[in-house]
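Below: one structure, written as structure tokens.
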2 protein chains.
Amino acid sequence: MFDSLKLYFRKLAPELSQDAWNAFQKCLTVKRYKKGETISEEGRVNNIVCFIEEGIVMVYNLIDGKKNIYNFFFEHEYTGDYESFLTRKPANYGIEAIEDTITFNLHYDGLQKMYADFPEFERVGRLVAEGQFLRLTERNASLLAEKPEDRYENLVVAKPQVAQRVPQYLIASYLGITPEALSRIRKRLVSKF
Amino acid sequence: MFDSLKLYFRKLAPELSQDAWNAFQKCLTVKRYKKGETISEEGRVNNIVCFIEEGIVMVYNLIDGKKNIYNFFFEHEYTGDYESFLTRKPANYGIEAIEDTITFNLHYDGLQKMYADFPEFERVGRLVAEGQFLRLTERNASLLAEKPEDRYENLVVAKPQVAQRVPQYLIASYLGITPEALSRIRKRLVSKF
DNA sequence: GTGCTTTATTGATCCAAATCAATGAAAAAG
DNA sequence: CTTTTTCATTGATTTGGATCAATAAAGCAC
């Protein structure tokens with residue numbers, strides 16, 4: 001059932017015991033979402049981390065009624081409003097399916113129980129948090145130092161899936177620009193070659 | 001000696017044993033840096049996390065020979081090129097003292113030994129990584145959704161110390177703009193009141 | 001399929017920041 | 001204290017993206 005997730009864990013923390021993994025499995029629930037459906041709502045405390053088995057998901061941040069795309073997540077990546085999940089404060093971020101999506105969801109209480117029952121699991125928590133941090137670091141450097149045009153070029157190279165499977169107006173939001181600006185950037189890039 | 005750091009730990013992980021704390025202390029070294037001095041160099045693997053006892057430090061990212069300020073850190077905050085520290089790859093970030101600074105430095109090997117000898121210490125690692133992540137999340141949202149002018153206004157409110165103790169051209173870099181642009185933003189803000 | 005809604009493109013205008021350049025102010029070095 | 005270097009400000013010009021508006025294309029529902 002959770003083969004892809006198990007594979008992910010094997011790589012992340014190979015020394016994790018079979019007992020811990022078995023207990024962890026029991027904390028998971030499988031969920032299916034239709035394209036456009038809300039997975040986790042902005043405004044209330046977020047209690048889940050989602051491992052995406054199939055589909056694409058976007059995480060956004062509602063500011064002045066406008067959805068700012070924080071990031072896209074694909075098959076075999078995990079996501080969630082990690083901030084709300086950790087702080088137990090109402091989420092600033094919402095999560096929505098961009099395609100029909102299947103996720104394995106881990107509930108907050110389940111994770112806390114894992115930490116309590118299997119102290120070794122703290123290590124997984126640490127590695128996951130560190131991974132999240134590293135991902136953010138890159139995005140941050142990109143937002144700080146690169147122009148929108150460079151950001152788009154790099155995105156296409158680094159995550160070609162995004163350009164292929166995600167609508168442009170969402171990519172524009174992810175890049176921090178308007179759809180019009182992205183359209184013009186694309187035009188410029190085409191005439192470059 | 002490490003009172004301020006101990007206080008920080010008490011808040012972060014109150015249940016940490018005295019044994020673990022004692023062992024941890026032994027991993028620390030005290031360092032002094034003059035204003036302008038390099039604490040950790042970009043380009044080589046970073047082996048330290050610094051807890052700042054006194055002074056201000058900046059973390060930057062060298063791109064095309066230009067220092068992009070990632071962040072400033074003050075008394076009783078910790079810093080380091082966490083990315084390089086975690087991945088064991090050459091650092092993309094350098095660290096430099098903005099004022100005369102005293103730090104308590106934790107070496108990578110010391111931390112790994114802590115994890116090995118005191119599995120409970122993984123929890124500290126997790127909480128630290130989570131804290132780093134949360135900090136970055138905010139900065140990210142700010143870079144994505146706010147205009148430089150708003151970013152500056154928010155910075156002045158949230159971290160008045162920065163505006164007071166850090167030169168403007170560094171703040172400009174932190175905001176992702178040129179010193180000229182910041183100078184004009186400040187002018188605009190003054191005439192606002 | 002037809003119509004309806006959403007998304008993408010293009011044009012025109014406006015604005016904030018980048019860039020280039022020069023001067024003034026402040027800090028560091030001697 | 002004086003000189004030198006670094007930092008901050010101001011001006012002129014350029015540029016890329018925002019905004020407003022209109023049209024074209026693609027998706028979706030019926």
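Each chain gets a letter, A, B and so on, in the order its sequence line appears, and its residues count up from 1. Since we're looking at a predicted model, the values are computed, not measured.
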For this output row, return yes or no: ring centroids of A:Tyr78 and A:Tyr8 closer than 6.0 angstrom.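 Ring centroids of A:Tyr78 and A:Tyr8 are less than 6.0 Å from each other.
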
Check: A:Phe24 ring centre within less than 6.0 Å of A:Phe9 ring centre: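 Centroid distance A:Phe24-A:Phe9: below 6.0 Å, so yes.
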
Value in whole Å for how far the P atom of C:dT7 lies from CD of A:Gln168: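 Atom CD in A:Gln168 sits about 12 Å away from atom P in C:dT7.
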
Could you state the NZ-C1' distance from B:Lys66 to C:dA18, rounded to the nearest angstrom?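 About 10 Å, once rounded to whole Å.
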
With under 30° as parallel and over 60° as perpendicular, where do the rings of B:Tyr70 and B:Phe73 fit, or are they tilted in between?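 Correct class here is tilted.
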
Looking at every heavy atom in both B:Lys35 and B:Ile98, which two are closest together, and how far apart are they?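 Minimum heavy-atom separation between B:Lys35 and B:Ile98: CG-O, 3.2 Å.
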
If I take atom CZ from residue A:Arg10 and atom CG from residue A:Leu16, how far apart are they, to the nearest 0.5 angstrom?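 Reported to 0.5 Å precision, the distance equals 8.5 Å.
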
Tell me whether the guanidinium CZ or amine NZ of A:Arg188 lies under 6.0 angstrom from the six-membered ring centre of A:Tyr152 and within 45° of its axis.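 Because its charged atom misses either the 6.0 Å distance or the 45° angle limit, A:Arg188 does not stack over A:Tyr152.
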
Answer yes or no for B:Arg88 and B:Tyr108: cation-pi contact, defined as NZ/CZ to six-membered ring centre under 6.0 Å and angle to ring axis within 45°.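 Flagged: B:Arg88 positioned over aromatic ring of B:Tyr108.
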
Please produce a list of atom pairs where a protein N or O lies less than 3.5 Å from an N or O of nucleotides 17-23 of chain D.
{"unit_1": "D:dG17", "atom_1": "OP2", "unit_2": "A:Arg188", "atom_2": "NH2", "d": "2.6"}
{"unit_1": "D:dA18", "atom_1": "OP2", "unit_2": "A:Thr178", "atom_2": "N", "d": "3.1"}
{"unit_1": "D:dA18", "atom_1": "OP2", "unit_2": "A:Thr178", "atom_2": "OG1", "d": "2.8"}
{"unit_1": "D:dC20", "atom_1": "N4", "unit_2": "A:Glu180", "atom_2": "OE2", "d": "3.2"}

Treating Ile, Leu, Val, Met, Phe, Trp and Tyr as nodes and any side-chain heavy-atom pair under 4.5 angstrom as an edge, say whether B:Ile177 and B:Tyr174 lie in one connected cluster.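 They do share one cluster, since a chain of ILVMFWY contacts under 4.5 Å joins B:Ile177 to B:Tyr174.
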
Could you go through nucleotides 26-30 of chain C and list every protein N or O atom that sits under 3.5 Å from one of its N or O atoms, giving the distance for each pair?
{"unit_1": "C:dA28", "atom_1": "OP1", "unit_2": "B:Lys35", "atom_2": "NZ", "d": "2.9"}

